[in-house]
Amino acid sequence: MGKKHKSGKHIKASTKLAVALAQEDDPKSAVRGMIKAGQLKKKCCKSKPRCKKCPVMALQTAKTMQSKVSKAA
């Protein structure tokens, strides 16, 4: 689960990633910013299935989000 927002609802990690991507042009820098903010782990533990705070999965998601945005524009 994500952190609680001011409205009391939980925010999903993908929403946080989308916000980070909106601020950054590069998916890699967006994920790096989330790691520095403490929202993602620094290193992947390689567990199966991947955990929710996995930087590898966040980078994959960021790349797919970026490609969808660039195709739409």
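Residue pairs meeting the side-chain hydrogen bond (donor to acceptor under 3.5 Å, both in side chains) criterion with at least one partner in residues 55-66, sequence neighbours excluded, are absent.
A distance of 13.0 Å separates NZ in Lys41 from NZ in Lys52, rounded to the nearest 0.5 Å. Taking CZ from Arg32 and CG from Leu40, the interatomic distance works out to 12.5 Å, rounded to the nearest 0.5 Å.
Among residues two or more places apart in sequence or in another chain, the side-chain contact (heavy atoms from CB on, under 4.5 Å) test is passed with Ala62 by Leu17, Leu21, Pro27, Val31. Every residue was checked against the side-chain hydrogen bond (donor to acceptor under 3.5 Å, both in side chains) condition with Ser67, not counting sequence neighbours, and none meets it. With sequence neighbours excluded, the residues forming a side-chain contact (heavy atoms from CB on, under 4.5 Å) with Lys46 are Cys44, Arg50, listed by chain and number.
When hydrophobic clusters are built by joining Ile, Leu, Val, Met, Phe, Trp and Tyr residues whose side-chain heavy atoms come closer than 4.5 Å, directly or via intermediates, Ile35 is not grouped with Val56.
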